[in-house]
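Only one structure is covered here, and it is reproduced in the block below.
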Amino acid sequence: MIKGFIFDLDGVITDTAEYHYLAWRELANKLGISIDRKFNEQLKGISRTDSLEKILNYGGKSQTYSEAEKNELADEKNKEYQKLIQSITPADLLPGMAEFLAEIKAANLKLGLASASKNGPFILKRLGIANLFDTVVDPESLKKGKPDPEIFTKGAKQLGLTIPECVGIEDAEAGIESINAAGMFSVGVGSPEAMRFSDIYVAKTAELNLEMIQKQIKS
Ligand code: BG6
Ligand code: MG
């Protein structure tokens, strides 16, 4: 029986995946590296430092910068990203998410956040939904980020639930891999291609609802 949901944030609850992309693209351009949306799929769910490494590798510049310079580049991206998230309001919840989160709470199920983003708590507050979450996994506490299962395993533990009692929801390939590796039921939001490894998927957040997911788990 399902007792809790563990959500990714960026690209599932609100469209900050787009802001991450815009901020990375700007930084990459400055470094003479051109990234597109297809490449960006690989960055979804991945920590700030790992994302920078992937971009530098892609541009053939993995040896160009010192650790200190890489830290500065990651900070620069984060500053640009933080400019973009200042104006987030509850209206920026993705379609159907306010209803879906309310439905979960009304059914007395637990709610956890498993986001790789250190900006996650700020965004939850801006969206006006911080109080709905029973727990938030601190990404700084993790030994390994997505696709490692640690973040979802920890989320379940923090909720006081077992793995089979939880459902994980993600928009990133690395995120689905993380949920699956934890042994949890995975729900993907996105294209059939990106979500090919999820247990079930929907194209849009508006299609998420409790009954549909519970039915799919039973069948
Ligand atoms: C994930 C995003 O949720 O958080 C990634 O999908 C992002 O794109 C990662 O890089 C880390 O976020 P932040 O805000 O700590 O740089
Ligand atoms: Mg995401």
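Atoms within a ligand are numbered from 1 in the order they appear, just like the ligands themselves.
- For Glu207, there are no salt bridge (Lys or Arg N to Asp or Glu O under 4.0 Å) partners two or more places apart in sequence or in a different chain.
- A donor-acceptor contact closer than 3.5 angstrom is absent between the side chains of His20 and Lys44.
- Side-chain atoms of Ser141 and Lys154 include a donor-acceptor pair closer than 3.5 Å.
- Contact of the Glu76 side chain with the Lys30 side chain is registered, since non-hydrogen atoms from C-beta on lie closer than 4.5 Å.
- Inspection of the environment of the Mg ion (ligand 2) yields the following protein N, O or S atoms under 2.8 Å: Asp8 OD2, Asp10 O, Asp171 OD1.
- Where the criterion is an N or O separation shorter than 3.5 Å, residue side chain and backbone included, Ser117 meets it with respect to ligand 1.
- Backbone and side-chain nitrogen or oxygen atoms of Ser47 are examined, and none is located within less than 3.5 angstrom of a nitrogen or oxygen of ligand 1.
- In terms of polar-atom proximity, Lys118 is counted as a contact of ligand 1, with an N or O under 3.5 Å from an N or O of the ligand.
- At least one heavy atom of Ser51 sits less than 4.0 Å from an atom of ligand 1.
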Are Glu170 and Tyr201 close enough, and set up right, to give a side-chain contact (heavy atoms from CB on, under 4.5 Å), and what steps lead you there? CA-CA 9 Å; Glu170 265 287 353; Tyr201 77 91; over 6 Å; no
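- Among protein heavy atoms, the minimum distance from atom 6 (O) of ligand 1 is reached at Gly45 N, 2.8 Å.
- Atom 3 (O) of ligand 1 has as its closest protein heavy atom Asp10 OD2, 2.6 Å.
- Ranking the protein heavy atoms by distance from atom 10 (O) of ligand 1 puts Ile46 O, 2.8 Å first.
- In this structure, Ala172 does not count as a contact residue of ligand 1, since none of its heavy atoms falls inside 4.0 Å of the ligand.
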Between side-chain atoms of residues 101-116 and protein atoms elsewhere (two or more places apart, or another chain), which donor-acceptor pairs fall under 3.5 Å?
residue: Glu103; atom: OE1; partner: Leu210; partner atom: N; Å: 3.3
residue: Lys105; atom: NZ; partner: Leu132; partner atom: O; Å: 3.0
residue: Lys105; atom: NZ; partner: Asp134; partner atom: OD2; Å: 3.3
residue: Lys110; atom: NZ; partner: Leu159; partner atom: O; Å: 3.4
residue: Ser115; atom: OG; partner: Ser117; partner atom: N; Å: 3.0

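- Considering only heavy atoms from C-beta on, Glu18 comes within 4.5 Å of Arg37 through its side chain.
- Annotation for Glu211: atom CD does not count as buried by contact number, only 12 or fewer foreign heavy atoms lying within 6.0 Å.
- Close N/O approach between Tyr81 and ligand 1 is not found [any backbone or side-chain N/O within under 3.5 Å].
- Protein heavy atom at the shortest distance from atom 16 (O) of ligand 1 is Arg48 NE, 2.7 Å.
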In sequence, state the C-alpha distance, the side-chain angles, and the governing distance for Phe185 and Ile200, and then conclude on side-chain contact (heavy atoms from CB on, under 4.5 Å). CA-CA 9 Å; Phe185 189 83; Ile200 59 169; 3.9 Å; yes
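- Side-chain N/O atoms of Glu150 and Thr153 include no donor and acceptor closer than 3.5 Å.
- By the 4.0 Å heavy-atom criterion, Leu43 is counted among the residues contacting ligand 1.
- A salt bridge between Asp8 and Lys146 is present, with a side-chain N of the basic residue lying under 4.0 Å from a carboxylate O of the acidic one.
- With 3.5 Å as the limit, one finds a donor-acceptor pair spanning the side chains of Asn119 and Asn78.
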Which pairs would a plain distance check flag for residues 86-95, meaning a side-chain donor or acceptor within less than 3.5 Å of a matching protein atom at least two apart in sequence or in another chain?
residue: Gln86; atom: NE2; partner: Gln82; partner atom: O; Å: 3.0
residue: Thr89; atom: OG1; partner: Ala91; partner atom: N; Å: 3.1
residue: Asp92; atom: OD2; partner: Thr89; partner atom: N; Å: 2.9

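- Between Asn119 and ligand 1, an N or O atom pair is found at a separation short of 3.5 Å.
- Listed by atom number, the atoms of ligand 1 under 4.0 Å from Ser115 heavy atoms are 3 (O).
- Proximity to Lys44 (heavy-atom distance under 4.0 Å) selects the following atoms of ligand 1: 6 (O).
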